[in-house]
Amino acid sequence: MRCDTAREHFSDYASGTAHEALRAALDLHLADCPSCRREVEDLKVLWRALDHLEVVEAPPGLRAEVWRRIDHDLQTHAMPTRRPLAALLSARWRRITVWAAAACFVVVLAGVTVPGHYQRALLGDLGLRRFLPISSLGSMQAQVSSVRPVVVGDRLFDEVHIAVQVEGPGHRVRILPEEGQVVTGEEVLIGSGAPSEVVVRVGHTFRPHTLSLRVQDQADLRHETVLRLTIPASP
Amino acid sequence: MTYEGARKRSSDPAEDMQLVERCKRGDRDAFDELMRRHERKVYNFAFRLTGNYDEANDIAAEAFVRVYTRIQSFRGDSAFLTWLFRIVTNVFLDARKRRRPRPSESLEQLVEADDRALARLAEDASVSPQAELERRERDTILQRAIAGLPEYQRAMILLYHVEGMSYEEIAAAMDLPIGTVKSRLNRARLALRHALEGSAELFAR
């Protein structure tokens, strides 16, 4: 065995995880090679030194700092623009702005079409109805049925009720919030058949926004789709 | 206390999963308990990656926030701790992309830590001051050598040797094939050995 080949296996040899044949070959090489022998000894010493590094205690305020950041993110997500806007506009202009924004939103809703070969949008009672394939055999429809503000503890949320219907023989989907979104609400498992309701709470916002939910096909967990719903501003 | 001792107190993966399930239902106490169980490991790992107390605090806190916001996506395909270390590594790599390292500050902090440790040592009659001094010197030199490794190699060395993770667990945590993990770890160890050649006598004791 050459030195450069032997060197590739020194770590396994020094840790005792090299298999028997490799160990025997390395033993033979090391018996005749003082420089490789020294290298292996050094690695064993390094191994011990790494094992004995001292533990550094976590600072006592670490968990409090994490909660501070989480709560700050929740607050920021809840009311991103209200205060600066309110500070700029008088009460009369605020009312006009709100009504104008609501009117624009209705116009946008009425005219929107969703690009893509499988998604299309229809105007429902309140929000868009989305059609989403969940596999080659099944699909689902989802529609926002209501949005209302709720106060939990000292926080303001928008509670969004979504009607979901799964179609296709024997299909079940799991719905859960997409990563990074501040959403409370349990994962919901829905089988095909009658419509079900999914309720999630998102940070309250002054404007219409998009809610993303992950839809997992329970027949094939690798198949996951993102359902995006436009949520109108809560009253 | 050494890492060797800390590794033996590894948490129960089944209990971690129970807490994760409660977190998914919005239970803040469960998340606090998860943090309490793992904050020392996370902070230690972050400190050994950065060599800097403030940066370690920032990375550990940011990693836990990321865990909180992504807990719904954790399906238990790997142990929670493996997933957690993956997130800490990613937060560290992201932070390094955003800003340059601060080596001078790191070295100052290591010396400061040594001073604090020596003050404690003066009150502890059970430890030989000479032996403790040598051990601290070894730690400092080793930490500097680790800090000199490329970031991925640094993370791998710490996950394997300090956190006691297997090749398979590191492969899962870093999303790499096992063969790549083995070859990179081997290169990292040889680079560390090379960096420590001038201090061979201290480490041989």
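In the text below, chain A, chain B and the rest are named by the order of the sequence lines, each starting its count at 1.
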Can you pull out the residues in residues 179-191 of chain B with any heavy atom less than 4.5 Å from chain A?
Asn186(B), Arg189(B), Leu190(B)
Determine, for Asp29(B) against Arg22(B), whether the closest basic-nitrogen to carboxylate-oxygen distance falls under 4.0 angstrom.
no
Mind checking which of residues 28-35 of chain A sit less than 4.5 Å from chain B, heavy atom to heavy atom?
none
With a 4.0 Å cut-off, would you call Arg36(B) and Glu33(B) a salt bridge?
yes
Holding to salt bridge (Lys or Arg N to Asp or Glu O under 4.0 Å), I want the full list of residues that pass it with Glu39(B), two or more places apart in sequence or in another chain.
Arg63(A)
Within a reach of under 6.0 Å around OH of Tyr152(B), are more than 12 heavy atoms found that belong to other residues, nucleotides or ligands?
no
Is Glu39(A) close to chain B through its backbone or its side chain, or both, or neither, when contacts mean heavy atoms under 4.5 Å?
both
Tell me yes or no: between the side chains of Trp67(A) and Asp32(B), is some donor less than 3.5 Å from an acceptor?
yes
Tell me if the CZ atom of Arg28(B) is crowded by more than 12 foreign heavy atoms within 6.0 Å.
yes
Could you tell me which non-hydrogen atom of Leu34(B) sits nearest to which non-hydrogen atom of Cys23(B), and how far apart they are?
CD1-SG, 3.8 Å
Between Glu21(B) and Arg25(B) (salt bridge meaning N to carboxylate O under 4.0 Å), is one present in this structure?
no
Examine whether an atom of Ile157(B) lies under 4.5 Å from a heavy atom of chain A, and if so say whether it belongs to the side chain, the backbone or both; otherwise answer neither.
side chain
Phe92(B): partners by ring-ring contact (aromatic ring centres under 6.0 Å, His included), with sequence neighbours left out
none
With a 4.5 Å cut-off on side-chain heavy atoms, are Arg37(B) and Leu19(B) touching?
yes
